[in-house]
Each structure stands twice: as C-alpha cells, then as structure tokens.
Amino acid sequence: MKVNSVKELLALEGNGEEVCVEGWIRTKRDSKEVSFIAVNDGSCLSNIQIVVSKDFPGFDEIDSRLVNGASVSIKGKLVPSQGKEQKVEIIPITIDIVGDCPADEYPLQKKRHSFEFLREIAHLRPRTNTFGAVMRVRNAMSFAIHKFFQERGFVYVHTPIITGSDCEGAGEMFRVTTFDLNKIPKNEGNIDFAQDFFGKEASLTVSGQLEAEVYALALKKVYTFGPTFRAENSNTSRHLAEFWMIEPEMAFCDIHGNMDMAEDFIKYILTYVLDSCPEDMNFFNSMIEKGVVDNLYNIIENKFERITYSDAIKELEASKKDFEYPVKWGMDLQSEHEKFITGEIFKKPVIVTDYPKEIKAFYMKLNDDGKTVRAMDVLVPRLGEIIGGSERENDYNKLLKRIRELGLNEEDYWWYLDLRKYGSAPHAGFGLGFERLIQFVTGMQNIRDVIPFPRCVGTLEF
RNA sequence: UCCCCUGUAGCUCAGUCGGUAGAGCAGUUGGCUGUUAACCAAUUGGUCGCAGGUUCGAGUCCUGCCGGGGGAGCCA
C-alpha cells in the first residue's frame with residue numbers, strides 16, 4: 001500500500017479513503033473513549049492526528065508503547081476532524097509500532113527546549129518543530145539557488161575542496177596530509193612536503209573564487225555552491241569552521257552588473273522561500289522572530305541602497321554617534337558601523353562599494369583614483385555583512401604590481417595571472433555565506449542552529 | 001584570542017546574611033475529559049561542572065581548570 005506523507009494527507013478533504021502514514025509520535029493525549037496521537041513525518045510542520053478508540057483490537061497491549069518518540073506505521077481511514085485544530089484525522093485500522101522509545105530516557109519532551117540543550121543532542125534535534133522547519137527552509141533555499149542561476153544560464157562548477165594554493169588569502173586553513181603525525185618526514189629540519197600525498201602542502205579550500213574565475217573566463221557565467229572551511233578561532237553566533245558558500249562569477253561584467261545580480265539573487269531566494277514554505281515561515285514569524293516575514297517582504301519590495309565607502313564614512317560621521325571604534329576614512333567598517341548603516345540609517349539592505357585598497361583583497365580592481373577598489377559588500381539589518389564581492393583586477397600589470405606590493409609570492413599565482421595574459425576580460429563576482437542567509441530568512445540567532453551538524457572550534461561530537 | 005555572564009533533578013530555573021536542597025515541566029501511578037504545550041492528584045528523582053582552599057560548617061566566600069551563552073576581533 002502506498003504510504004502518504006502527512007503533508008499530502010492534510011491537503012485532502014477526508015472522505016473516508018484508506019491511507020497509510022509512517023512517522024514518529026509527537027504527543028499522545030488520552031480521553032475516556034479515545035486516545036489522540038499526533039504523528040509527524042517531517043514532510044511538514046504539522047502533525048496528523050490519529051484517533052484511537054479504546055475498543056481498538058489489542059489497544060491494551062500497545063497503549064503503553066504509543067509514546068512520544070516511538071516510530072509507527074498506521075493504516076486507516078481519513079475523515080474530517082471533530083476537533084478545531086485540524087481539518088482531517090485518521091481512524092486507524094492497523095497500528096504497527098515500528099520502533100519503541102523508552103519514555104523515561106528519551107531526551108525530547110513535548111515542551112520547548114533551549115537551543116543550547118538541543119545542540120548537545122544533535123542526532124535528535126531534527127525531530128523538533130524548529131529544526132524540521134529550519135531544514136525544510138534550508139532545502140528550499142538550496143533548490144532556489146540552483147533554480148535562480150540555471151534560469152539565467154549559469155553553469156554550476158564544482159571547484160575543488162582540497163587546494164594546493166595557500167594564496168586564497170581568506171583566512172586560516174585546515175591542513176590535509178597523509179603523513180603519520182608521529183613520524184613527519186623532515187628535510188634539513190623542515191617538514192618535507194615532497195613526500196606527502198600531493199607532493200606539496202595541501203589544505204581545505206577557503207574559497208572557490210580563484211577557480212571560479214578560471215571557468216568564468218571560458219563559460220562566461222558560472223557559480224559554485226559547496227562547503228568551505230576556515231580554521232579561524234572565532235567563537236561567535238555567525239561563524240562556522242565548515243560552512244556552505246555560493247560564489248557566482250561573471251565575465252564581461254563590471255561592479256554594477258555584480259550589484260544588480262546580488263540584489264536580484266537575494267530577492268529571488270526570499271520570494272521563493274516565502275512562496276514555497278508558508279507554514280514554516282509562519283512558525284518562524286511567531287515563535288522565533290516576530291515580524292521576520294514582514295521584514296523579508298520589505299526587502300523584496302524595496303531597492304537596496306547603494307553607497308560608496310567614502311559616503312558611508314560621511315554618514316557615520318554626520319550621525320555624531322559615539323562608536324567604540326572612531327570613524328575615520330581608511331579604517332575597515334566594524335560590526336557596529338555596518339549594523340548602524342543598514343539597521344539605523346537606511347533600515348534596509350545597503351551595498352557599500354569602493355573601499356580603500358588597503359583593507360581589501362589583492363585581486364580587486366583598482367579605481368582610477370588609485371586609492372580605492374571596486375569592492376562591494378552587501379549589508380543587511382541585524383546580521384551585517386552577508387555578501388562580499390568585487391570586480392576583479394583584469395589588467396595583468398596592475399594585478400602583478402599589487403601582488404608584489406603585498407609581498408605575495410607571484411609564482412604561486414602563475415595560472416591566475418595567465419587569465420589576464422590570454423584574452424582577459426572584465427569580470428566580477430561575489431561570495432555569500434549560505435548559513436548567514438538562512439539565519440536572515442528564519443530569524444535564527446545562532447548559525448550553529450541552521451546547519452545539520454555544526455563544526456566549530458573545540459566541537460566535533462556528531 | 002579578548003571582555004562580560006553563566007554552570008543546582010531528564011529539561012527550564014529558584015535557593016536570602018555561610019547552617020546540609022526546592023518549584024514548574026517530563027517520567028511513574030491513579031482520576032477526569034473529542035483532546036490540542038490537555039487537565040487534576042500523588043509520587044520517583046540531586047557527588048549543587050571538576051579540583052583545591054577558607055570555615056565548627058560551603059550550592060553560597062576565594063583560587064585554578066573545564067563546559068555553555070552573549071559581545072568584540074577575524075570573516076561569509
């Protein structure tokens with residue numbers, strides 16, 4: 001017999017049709033004549049109610065086993081509910097307890113748990129309302145990302161996880177080696193990486209950008225969407241050691257096209273989630289962050305503010321606000337400044353461009369003033385920076401000069417420089433932290449609660 | 001890595017001036033009721049994060065370590 005998802009069943013009228021549902025018991029409420037069992041199978045936030053008469057054959061044997069957490073397979077008739085909270089319910093014909101769940105040991109109770117506690121039981125937390133909703137929204141957003149780019153002719157490029165270049169420059173890297181760590185080969189006192197698996201130092205990628213540029217300068221519009229690793233000792237609600245990043249890269253595109261793409265992209269994803277996950281989004285709106293849905297509609301309906309770094313500095317100075325870090329042209333924007341610009345001054349997403357070259361990466365295109373580069377950061381209220389991108393330097397000599405100025409080893413960049421030597425073209429792209437976007441969409445406070453198994457400093461239990 | 005807060009029952013927390021431990025929820029038992037985080041009653045449950053120290057006596061005061069949270073830095 002076909003197994004129906006709870007989501008499917010709740011969309012039906014309940015004309016007494018025979019149905020089958022498989023899932024986990026969330027609650028059981030007993031009444032004189034009947035027991036009410038709420039079953040959830042993860043297909044949606046709602047449970048389906050099973051109404052078991054106490055005359056049900058064998059009820060006495062199964063009654064004590066129908067407890068929170070047990071997995072069940074139930075066949076029965078779908079009928080309109082007599083209760084108010086649900087449209088339909090199942091009158092069972094057979095009830096199979098697939099897996100028992102000892103009620104005195106099961107950590108999940110039918111009450112609200114703290115997210116800190118749930119992190120300690122990461123193997124069970126997907127069975128809660130919040131984590132089910134987070135994962136369904138995460139799934140919808142993943143799909144929307146591919147849909148957005150595919151509809152626009154982008155090619156999905158799988159950039160490598162293991163990288164030999166330590167020149168990506170975006171942070172501390174995890175080492176990859178097959179050395180026996182108790183017997184590391186040495187050559188004149190130094191570690192002899194020539195004997196390691198790849199014959200040179202290897203790490204986990206901190207960004208697919210440089211490789212994405214290679215493919216953009218052949219396929220024109222590409223994007224990556226995959227895991228990224230940073231070995232930073234950062235301990236905040238916005239950082240993970242392993243996270244997912246989206247990095248589009250477009251040839252024959254300047255910073256303005258890049259900004260348009262970033263804005264369209266965010267609005268598309270938000271629209272898709274609001275359309276496809278209304279139940280989960282209502283849950284976040286009422287239980288996690290009041291007003292989050294209206295905020296998202298606000299973002300979709302309004303143009304992002306675009307402002308240069310220099311003008312942003314002027315705005316901050318004009319605000320006369322007493323910042324912990326004093327505002328001065330040339331400094332990097334601190335969290336407090338970013339949150340003030342987006343949350344207080346404009347009250348909507350803001351794209352800040354043309355930062356001083358000293359505070360940005362070597363590959364960003366130098367402006368004619370010689371002082372600023374064509375960087376763009378998208379700042380959103382509450383979170384701050386969600387996207388970092390730029391038009392890339394496509395002039396061979398300017399890029400080489402910048403590499404030398406910064407004391408980087410130009411030999412490490414030979415293939416990257418080649419791109420500017422052979423048929424160079426203006427190109428631009430950006431990186432977006434997927435989990436931060438999920439935080440923004442759901443209102444979840446801690447990034448560790450929007451990824452199935454968070455990897456952070458000092459934590460690797462699951 | 002830095003600053004601040006915090007660690008007491010399975011969970012969420014209270015515990016006064018230092019005098020040997022408490023509530024709600026969950027579990028268990030019983031009752032009631034087409035219930036909706038069901039309700040009512042009884043009841044089980046503690047090496048007070050760990051290790052030292054002060055004291056006649058430490059959940060409470062002091063020191064160190066460990067875990068958790070918030071903020072900062074770094075960044076996405």
Quiz question: by atom type and distance under 3.5 Å, do the side chains of A:S390 and A:R392 form a donor-acceptor pair?
yes

For a quick check of understanding: with a heavy-atom distance under 4.0 Å over all strands, which category does A:F117 fall into, base, sugar-phosphate or nothing?
sugar-phosphate

Donor-acceptor pairs under 3.5 angstrom involving side-chain atoms of residues 453-461 of chain A: please list them, not counting sequence neighbours.
| unit_1 | atom_1 | unit_2 | atom_2 | d |
| --- | --- | --- | --- | --- |
| A:R455 | NH1 | A:F462 | O | 2.8 |
| A:R455 | NH2 | A:F462 | O | 2.7 |

Go through the N and O atoms of the side chain of A:Q86 and the base of B:U35, and report whether any donor-acceptor pair is under 3.5 Å.
yes

Using the C1' atoms only, state how far B:G10 lies from B:G52, rounded to an integer number of Å.
30 Å

Annotated structure of RNA chain B as dot-bracket, pair cut-off 3.5 Å, Watson-Crick or G-U only, | for inter-strand, is (((((((..((((.....[..)))).(((((.......))))).....(((((..]....))))))))))))....

Could you tell me whether the side chain of A:M173 reaches within less than 4.5 Å of the side chain of A:T163, counting heavy atoms only?
yes

B:G27 C1' sits how many Å from A:Y106 OH, rounded?
15 Å

Taking the basic N atoms (NZ, or NE/NH1/NH2) and the acidic carboxylate oxygens, is any pair closer than 4.0 Å for A:D449 and A:R119?
yes

Using a 4.0 Å heavy-atom cut-off across all strands, classify A:L240 as base, sugar-phosphate, or nothing.
base

Rounded distance in Å - CD (A:E105) to P (B:A26)
19 Å

Can you tell me how far P in B:C3 sits from the matching atom in B:C13, rounded to whole Å?
26 Å

For A:R175, all residues meeting salt bridge (charged side-chain N to carboxylate O under 4.0 Å, His left out), sequence neighbours excluded:
A:E201

Rounded to whole angstrom units, what separation is found between the CG atom of A:L108 and the C1' atom of B:G10?
11 Å

Show the distances under 3.5 angstrom between N or O atoms of the protein and N or O atoms of nucleotides 69-72 of chain B.
| unit_1 | atom_1 | unit_2 | atom_2 | d |
| --- | --- | --- | --- | --- |
| B:G69 | OP1 | A:R119 | NH1 | 2.4 |
| B:G70 | OP1 | A:N446 | ND2 | 3.4 |
| B:G70 | OP2 | A:N446 | ND2 | 3.4 |
| B:G71 | OP2 | A:S237 | OG | 3.3 |
| B:A72 | O2' | A:Y325 | OH | 3.2 |

Figure out the CG/P separation between A:D449 and B:G68, and round it to whole Å.
13 Å

Classify A:H113 by what it touches in the nucleic acid, base, sugar-phosphate, or nothing, heavy-atom distance under 4.0 Å.
sugar-phosphate

Letter per nucleotide, 5' to 3', of nucleotides 37-46 of chain B [B base touched, S only sugar-phosphate touched, - untouched; heavy atoms, 4.0 Å]:
-B--------

Atom pair distance, as rounded to whole Å: CD1 in A:I121 and C1' in B:A26
13 Å

Side chain to side chain contact (heavy atoms under 4.5 Å, CB included) with A:S114: which residues, sequence neighbours excluded?
A:E116, A:F117

